[in-house]
Trainee: 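Dropping a structure here in structure tokens format, bear with me for questions.
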Amino acid sequence: MNPKHFATLVALAVPLTVPLFSGPATADETCLSPYMAKIVGQEDFAYIWTLGRKGIGDEQDKLVTVDVNPGSPQFGKVVHSVSVGGRNEAHHSDFTDDRHYLWAATLDTSKIFVFDVHSDPGHPKLTKTIDDFVKKTGGVVGPHSTYALPGRMLITGLSNNRDHGGRTALVEYTNDGRYVATHWVPTDDDLRGAVKGGKYADGYSYDVRALPRVNALVSSSFTGWNNYMMDLGKLMADGEAMKRFGNTVVVWDLHTLKPKKVLDVPGAPLEVRCAWGANHDYCFTTTALTSKIWLIRRTPDGDWQAKDVADIGDASKVPLPVDISITADDTRLWVNTWNDGTARLFDITNPDAPKQIYSEKIGAQTNMLAQSWDGKRMYVASSLLSNWDKKDAGGGGDLEYFKGYTWDGTALKPTFSIDFLAEKLGLPHQIRLGARALYAGTAPEAAVATAP
Amino acid sequence: MFRRGWRAAAVAVLVFAMLRDGAAHEAAAPGYGPLPYAAPEPGSYALPLLGPAADGPVLTDGGAATRLHAAFGDRLVVLSFIYTHCEDANGCPLANHVLREAARRVAADPALAGAVRFVSLSFDPGRDTPAVLAPFAESLRPPGTEWTFYTGLDATTLAPLLAAYGQHLSTLSDGSIAHALRVYLVDRERRIRNIYSAAYLHADTLLADLRTLLTDAPEDSAPTGPGPALGAGDDKHGYAGPDYRTHSQAIASRRGAALDLLARLQVPQLGLPPLRAPLPGAAQIALGRRLFYDRRLSLNDTLSCAMCHVPEQGFTSNETSTPVGIEGRNVRRNAPTILNVGLLDRLFHDARERSLDQQIWGPLLATNEMGNPAIGVVLDKLSALPDYTAEFEAAFPGRGLGVETLGAALAAYERTLVAGGSAFDRWHYAHDAQAMSEAAQRGFALFTGKAGCAGCHTIGADSALFSDQALHNTGLGYARAMAEAPAEREVLLAPGTRLAVEAHTPPPDGNDLGRYEITQDPADRWRYRTPPLRNVALTAPYMHDGSLPDLDAVIAYYDAGGVPNEGLDARIRPLGLTAGERADLRAFLESLTGGDVEALVRDAFAAPIGDR
């Protein structure tokens, strides 16, 4: 490849094109927004949004950068860490559509930490802290997914400042951190134009993904502050609290951000991943408590339906499916089950009948995963919530970790593992990937020179 | 080596959908084809304000100096950022294609023609001189359309304008410019109303948005009226059954109206003893009310008093057995209701505090509740917030903000939360024979007779708190500390879906030993203060640990005689109640709800919530 070709590719990369009309060759680099440039080759860095824990290092939340380029002498090592102050229940993070900034949200204090990841991708810099999210949004608590829409961020809330329960909203901010609007999730007395498709309209939310080709946005539902901050053992013993989990998926009009339909998906549907194929008008979610894969599908007449299509592990043992990741060609879905620390691969070629075809024990617990564009590399982090995480690994390590794997189509093979407790870092949660080449036109020579 | 690294990385950076059959292909952006869904109905949705559209100096394609806002005129504006030699089909040419199509349709629509202007600004002033730009504009602009082209004076003066519109540029080695395509919709007040990227830009939606801006933007829908004031807005009654249906209330329906709390307090309430503390001042009450709902009173701004004493949930929490403290820390005991708390002499489940004015410092400073490390930290924080210093001075002239006045202000508000005048009060004290149902009247007879409840939940000649404020061992605390923990526990995973799961280890907080933890007297093990029963129908779940979900469970517990242990109160014994008697007792307990609790809750809804 000559330098001119390189330049052209980068130029193509930055003004985003769309997969929507272009056949099956689409993929999710760790399930990012379709409005964002993707890394389709070797990523250089993993950004791990990490919870502080009392007794571990400086005890505060931090963004940890790990070098994940196998050609680098620093491969598999922590190369940077930014402490942000406080234990805020760090949870999810994601990029703006220009991929210049990483928005790292927190569920307890509702702060959002914005990191510049483009000026020096190996050394993210905290450039802004949104600390008045609750006030600005009219009482939304617990910003969760920070999802790129054109020129703005869509943020799902988990709770509210009236009762710390699960009724909440989706919130828009501009890319430069200004509050735009609050869109409350439909409730029975205010469906906001949506159709209640079943028995439930709980007003909860959790994750969100867009399906632009059908002008749809799909949001899931988890639980409010009272529950996600509560000790897990205490929660399981609290009969009232256990009634406060989400049982709905809401389909929204993507352009107008108005809710269209509330679907029954009982048992706390968490991550949402939409298929990429031109005719694949569906998304998947998994229910944490009832251990099922759900298909959220647009019917030919434009309606939306939810259907449970597979069990995940032995539901009687509450494996607790957490993060999921769909592969490039819509044929595979990785499902991590937190309670048994297992990564499971489902064949979703027939989306109505997913079949588990592979599993691998990752650690004492396992949660977030990120796979490369080509599916050949996978990264896994352990932590779920600070007060839900296991306190011991049953005699071994592997309790709080960030691990790398290769995937050859038949087996996961470990490439590195970082013990986040031994390294005095904390509890690793969300993983996002970075590459210097994303910013090739502006990358400082020094930063590029650190590459092999 | 260095170069190779660059090339390897470069291959990596592709827009998705471009890699097919091992080669790179670019997909056409949706703006080039028909919109695959129906564009939204103009005027059926709102376009929120996305901030001001920046202004700056520019040159017309005739070479005249002007400013971008002057180019906007009094029109709705579609603004694109381009450069003339851009070759990426999904970059500037896409914007040009869509604007050209939209400009044609605007010109042909009488409602839009004359109301909309298309503006394209080159961010490459070095090469896009007016002389270059003018023929370029001419080649693109359809006849009869308002589409004007501008360029920057120079890169330096253009830079702030580009930054304000989020245009990050980088010039590549071949001279091409990498940028994120952005097209902006700007209203007449020069505010950005939508932002379009390559994946989003389409003439159909652009036209719908323009027509929407010409209509009066609809207000977002809102509930038709205020929702109910009593009970959790996220109602879960019947959740255990498969036929459960939600009856959820919007947060916005939690609407109220302020009361004159002092005037209300000055009117004696039927069945309640008089307030023994001096009558608080109106300014003190208002200040305490503001403090009660201020989440900034906790160390990390997440917990106010009202987050555990939720007004519509009986000023307790119906949604958890025991509250969740700062950073999710465990609180061992159920949040008691604040209703009528100003009438009590002994506070907390273990009666460790005597004064409401002092009591508040308990939760404020508890490491597992609001988490403040010192009194001074709280006072310093409040004094740094707007208004509080002046409000304290007004409420407590000459004293201002201090450790005593903070407690006094909160106590002033809490003392207004009196709630008597229940059906029972009207029946018993006002002798209104119709005020209470016959079942409740039978329940009263049981309460004061066979069941013996009134032995501790006392009823006076002129008033009743339904509590002797003494400490008793009912066996519940004993059982929690001494009984074998079950290996399995049945949990509700979803409506109607139960599962027996392995019981998790409880939080490592030690056992709850009740009053003993205050006195260290073994005789006080597992003794707790008798809870007042007024408004008890609103305050589920029950008991000091919130372990009994409803009144039926409480009645069943006492009917069974509690849990035997050496300290068990002698009055706790098997009662031998029939099903009908248990139902009558419940009916009686349900008759104890204050006559105007709802007004107190609506007043609380009207209180501002303090957030950072």
Side-chain angles (χ1 to χ4, degrees), chain A residues 1 4 6-7 11 13-19 22 25-26 35 38-42 98 109 134-135 150-151 160-161 163-165 174 178 180-181 187-190 192 199-203 215 226 229-231 233 236 238 241-243 255-256 266-267 289-290 387 437-438 441-442 451-452, chain B residues 5 7 9-17 20 26-27 29 36-37 40 45 48 50-51 90-91 170 172-174 176 178 180-181 195 197-200 221 223 234 236 239 245-251 253 300 307 310 320-321 324 328 330 491-494 504-507 541 549 609 611:
Chain A
M1 180 181 292
K4 167 124 177 96
F6 153 70
V14 179
L16 307 179
T17 57
V18 197
S22 63
T26 54
Y35 298 110
K38 306 295 188 294
I39 307 166
V40 298
Q42 177 61 52
D98 56 14
T109 62
V134 181
K135 189 176 192 175
N160 68 75
N161 70 351
D163 63 8
H164 266 166
T174 60
R178 280 178 296 178
V180 173
T187 47
D188 284 291
D189 70 337
D190 187 18
R192 304 188 55 236
K199 295 185 284 188
Y200 317 132
D202 49 28
N215 190 35
N226 278 338
M229 292 303 297
M230 198 186 299
D231 174 273
M236 298 286 276
D238 190 325
M242 286 301 294
K243 296 175 184 171
H255 188 86
T256 65
L289 298 180
T290 46
N387 295 319
L438 280 166
T442 54
Chain B
R7 287 201 300 273
V11 176
V13 189
L14 289 168
V15 181
F16 65 104
R20 189 161 58 214
E26 186 173 9
Y37 54 87
Y45 59 99
L50 295 172
N90 287 338
S170 54
L172 303 175
S173 54
D174 67 345
S176 62
L181 178 72
I195 304 171
S197 64
Y200 187 47
S221 71
D234 183 20
K236 299 296 186 190
Y239 195 87
R245 289 174 177 274
T246 55
H247 301 95
S248 56
Q249 302 290 321
I251 293 291
S253 73
N300 67 358
M307 297 312 303
V310 187
T320 56
S321 298
V324 183
N330 185 38
V491 297
L492 200 54
L493 300 178
H504 283 65
T505 309
I609 296 175
D611 274 303

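Chain naming here is simple, since letters A, B, ... match the order of the sequence lines and numbering starts at 1 in each.
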Trainee: Quick check for you: among Lys243(A), Arg178(A), Lys135(A), which has the greatest number of heavy-atom pairs under 4.5 Å with chain B?
Mentor: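 So the answer, after comparing Lys243(A), Arg178(A), Lys135(A), is Lys243(A).
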Trainee: Is there a donor-acceptor contact under 3.5 Å from the side chain of Thr187(A) to the main chain of Ile251(B)?
Mentor: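 Side chain of Thr187(A) to backbone of Ile251(B), a donor-acceptor pair under 3.5 Å: no, none is there.
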Trainee: Going through the distances and angles, do Asp189(A) and Ser253(B) end up as a side chain to side chain donor-acceptor pair (under 3.5 Å)?
Mentor: CA-CA 8 Å; Asp189(A) 70 337; Ser253(B) 73; 3.2 Å; yes
Trainee: Return the minimal non-hydrogen interatomic distance between Ala250(B) and Asp190(A), and the atom names on each side.
Mentor: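 Looks like CB-CB, 3.9 Å.
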Trainee: Given that the side chain runs from C-beta out, which part of Asn161(A) has a heavy atom under 4.5 Å from chain B: side chain, backbone, both or neither?
Mentor: both
Trainee: In terms of heavy-atom pairs under 4.5 Å, which option from Asn387(A), Val134(A), Asn215(A), Asn226(A) contacts chain B the most?
Mentor: Asn215(A)
Trainee: Quick one: list whatever passes side chain to side chain donor-acceptor pair (under 3.5 Å) with Tyr239(B), sequence neighbours left out.
Mentor: Asn247(A)
Trainee: Examine whether an atom of Ala201(A) lies under 4.5 Å from a heavy atom of chain B, and if so say whether it belongs to the side chain, the backbone or both; otherwise answer neither.
Mentor: both
Trainee: Which residues pass the side chain to side chain donor-acceptor pair (under 3.5 Å) test with Thr246(B), not counting sequence neighbours?
Mentor: Asp188(A), Lys196(A)
Trainee: Does any heavy atom of chain A fall under 4.5 Å from the side chain of Leu50(B), the backbone, both, or neither of them?
Mentor: both
Trainee: Is Thr174(A) close to chain B through its backbone or its side chain, or both, or neither, when contacts mean heavy atoms under 4.5 Å?
Mentor: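 For Thr174(A), side-chain heavy atoms alone lie under 4.5 Å from chain B.
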